[in-house]
There are 2 protein chains.
Amino acid sequence: MERRNTIQKQLVLQAVGELADHPTAEEVYELIVRDHPTISKATVYRNLASLSEDGLLRHIKMPGGADRFDHQTFGHNHIECTVCGRVEDVRLSDAAALDAQAARETGFTAVGHDIVFRGVCPGCANKRH
Amino acid sequence: MERRNTIQKQLVLQAVGELADHPTAEEVYELIVRDHPTISKATVYRNLASLSEDGLLRHIKMPGGADRFDHQTFGHNHIECTVCGRVEDVRLSDAAALDAQAARETGFTAVGHDIVFRGVCPGCANKRH
DNA sequence: TTTTTAATGATATATAATATCGTTAAAGGA
DNA sequence: TCCTTTAACGATATTATATATCATTAAAAA
């Protein structure tokens, strides 16, 4: 099962890097289609999935919304503004310890987690006085 | 905006309590429709939402799957088996401290979080030898 | 009992993502 | 360089989950 390095795959990887701010599949498609009007949305979804599998992107599963993709693949979490919807990085000191605790508590093995914080970003907090 | 106590709402609340194990909206509907074949799926969704708003149920947003509902509303988290799909409770000692840390890190206010652990439950781990 | 209107059932629509399928082009060998 | 193989493509259909619309029904209060 070889893996081919298509120009579409390169475009998807580059687009996530350019957008940087945790774009959705839709946003990645919108950027690419400007210069490459023949690209298919299915191709964007497929490449986001395969690049994430291969560890070149990180797939962020957003509860209650479209999934997002991160060009930075390691060791951080995310916080979403409930007002404007923007997603920022959060660096937690002991996020990994949570998995160990959950494993101990439940007897589950191979434990990981998806965590997304929600709150109001400083910009939106100010706009409300 | 009064809130009416309909029999459908009672049925939904009771069904989540009976199922106990974090049912999806679909599963709640399936249980109720056996004895009340005229209930609408939209009504189940609406009541799950309104009961969650009112604090009588907890709405668990599952990343990458149908949302689930919990009759137990306070202070615990959840872990999903990646093999069989069942969802169990996890009790973490310091889950609230995470929010404070995220708030300090980012400057966001009113911070909460959605966290779902994933792993392999003891039953499924055994089946694989 | 009558009035008010929140909630209902039926259905249409929205959103996100995956599946299907005939065609195209990437990669390796001749 | 030119074949051959088949992963990946573009177009589109389908699935899954959830919400919106709207005429009708039934809770709650007068």
Side-chain angles (χ1 to χ4, degrees), chain A residues 1-16 19 22-54 56-70 80 85 87 114 116, chain B residues 1-16 19 22-54 56-70 80 85 87 114 116:
Chain A
M1 204 203 285
E2 95 198 72
R3 196 137 257 193
R4 293 181 183 175
N5 186 21
T6 64
I7 64 162
Q8 291 87 347
K9 175 171 287 187
Q10 294 167 26
L11 289 170
V12 168
L13 184 57
Q14 188 193 343
V16 175
L19 289 167
H22 317 98
T24 61
E26 186 67 33
E27 289 164 348
V28 172
Y29 171 77
E30 296 294 349
L31 179 63
I32 297 175
V33 83
R34 288 188 210 161
D35 294 329
H36 302 83
T38 64
I39 198 169
S40 167
K41 202 173 283 188
T43 297
V44 172
Y45 273 98
R46 275 187 296 239
N47 278 308
L48 287 169
S50 98
L51 288 164
S52 299
E53 265 178 39
D54 293 351
L56 297 170
L57 292 178
R58 178 154 152 214
H59 185 165
I60 315 168
K61 292 178 186 167
M62 301 293 292
D67 291 359
R68 294 173 176 275
F69 295 86
D70 196 336
E80 178 182 35
V87 175
D114 288 313
V116 175
Chain B
M1 201 205 286
E2 96 198 70
R3 195 136 259 193
R4 294 181 182 173
N5 186 22
T6 64
I7 65 162
Q8 290 88 347
K9 175 171 287 187
Q10 294 166 25
L11 290 170
V12 168
L13 183 57
Q14 188 194 341
V16 176
L19 289 168
H22 318 97
T24 62
E26 186 67 34
E27 290 165 348
V28 172
Y29 171 76
E30 296 295 350
L31 179 63
I32 297 175
V33 83
R34 288 188 210 161
D35 294 328
H36 302 83
T38 64
I39 198 168
S40 166
K41 202 173 283 188
T43 296
V44 172
Y45 273 98
R46 276 187 297 241
N47 278 310
L48 287 168
S50 99
L51 288 164
S52 299
E53 264 177 41
D54 293 351
L56 296 170
L57 292 178
R58 178 153 154 215
H59 185 164
I60 315 169
K61 292 178 186 166
M62 300 294 290
D67 291 359
R68 293 174 177 275
F69 295 86
D70 196 336
E80 179 184 33
V87 175
D114 289 312
V116 175

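Order of the sequence lines sets the chain letters (A, B, ...), proteins ahead of strands, with each chain counted from 1. Values reported hereafter were calculated over all heavy atoms of this structure, with side chains retained and with hydrogens, waters and symmetry mates removed.
- Among dT17(D), dT20(C), dA7(C), the nucleotide with an atom closest to any side-chain atom of R3(B) is dA7(C).
- Closest to the N5(B) side chain, of the nucleotides dG10(D), dA18(D), dA28(D), is dA28(D).
- Nucleotide dA26(D) holds its C1' atom 14 Å from the CZ atom of R46(B), rounded to whole Å.
- Separating the CD atom of E26(B) from the P atom of dT19(D) is a distance of 14 Å, rounded to the nearest angstrom.
- Residues R68(B) and E80(B) are not paired through a salt bridge, judged by the lack of any N-O separation under 4.0 Å between the basic side chain and the carboxylate.
- Both I7(A) and G65(A) lie close to DNA chain C; mapped to their nearest nucleotides by heavy-atom distance, the more 5′-ward contact belongs to G65(A).
- Per the geometry, CD belonging to Q10(A) stands 11 Å off C1' belonging to dA26(C), to the nearest Å.
- For dG9(C), the OP1/OP2 oxygens have a side-chain nitrogen or oxygen of T43(B) closer than 4.0 Å.
- Using a 4.0 Å heavy-atom cutoff across all strands shown, S50(B) reaches no nucleic acid atom at all.
- If you measure from atom CD of E53(A) to atom P of dA8(D), you get 10 Å, rounded to the nearest angstrom.
- Counting any heavy atom pair closer than 4.0 Å across all strands shown, T38(A) reaches sugar-phosphate atoms only and no base atom.
- For K41(B) and dT19(D), the NZ to C1' distance is 14 Å, given to the nearest whole Å.
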Working note: L48(A) + V16(A), criterion side chain to side chain contact (heavy atoms under 4.5 Å, CB included); need CA distance, chi angles, decisive distance, verdict. CA-CA 9 Å; L48(A) 287 169; V16(A) 175; 3.8 Å; yes
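- OP1 or OP2 of dA17(C) lies within a sub-4.0 Å distance of a side-chain N or O belonging to Y45(A).
- When each of dC9(D), dT8(C), dA11(D) is scored by its nearest atom to the side-chain atoms of Q8(A), the top-ranked nucleotide is dC9(D).
- Backbone-only contact: A66(B) has heavy atoms under 4.0 Å from sugar-phosphate atoms and none from a base.
- Atom CG in D67(B) sits about 13 Å away from atom C1' in dA16(C), given to the nearest Å.
- Aromatic pair H59(A)/F69(A): ring centres closer than 6.0 Å.
- Nearest to the side chain of A42(A), among dA17(C), dA19(C), dA27(C), sits dA19(C).
- Taking the nucleotide of DNA chain D with the nearest heavy atom to each of H59(B) and P37(A), the more 5' of the two is matched to P37(A).
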Between H36(B) and I7(B), is the side chain to side chain contact (heavy atoms under 4.5 Å, CB included) condition met? List the steps. CA-CA 11 Å; H36(B) 302 83; I7(B) 65 162; 5.6 Å; no
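- Per the geometry, CD belonging to E30(A) stands 12 Å off P belonging to dA16(C), to the nearest Å.
- Evaluation of atom-type donor-acceptor distances gives a pair under 3.5 Å for the side chain of R4(A) against the base of dT6(D).
- When the C1' atom of dA8(D) is taken as reference, atom CG of N47(A) falls 8 Å away, rounded to whole Å.
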I would like to know whether R3(A) and K9(A) meet side chain to side chain contact (heavy atoms under 4.5 Å, CB included); could you show each step before the answer? CA-CA 11 Å; R3(A) 196 137 257 193; K9(A) 175 171 287 187; 3.6 Å; yes
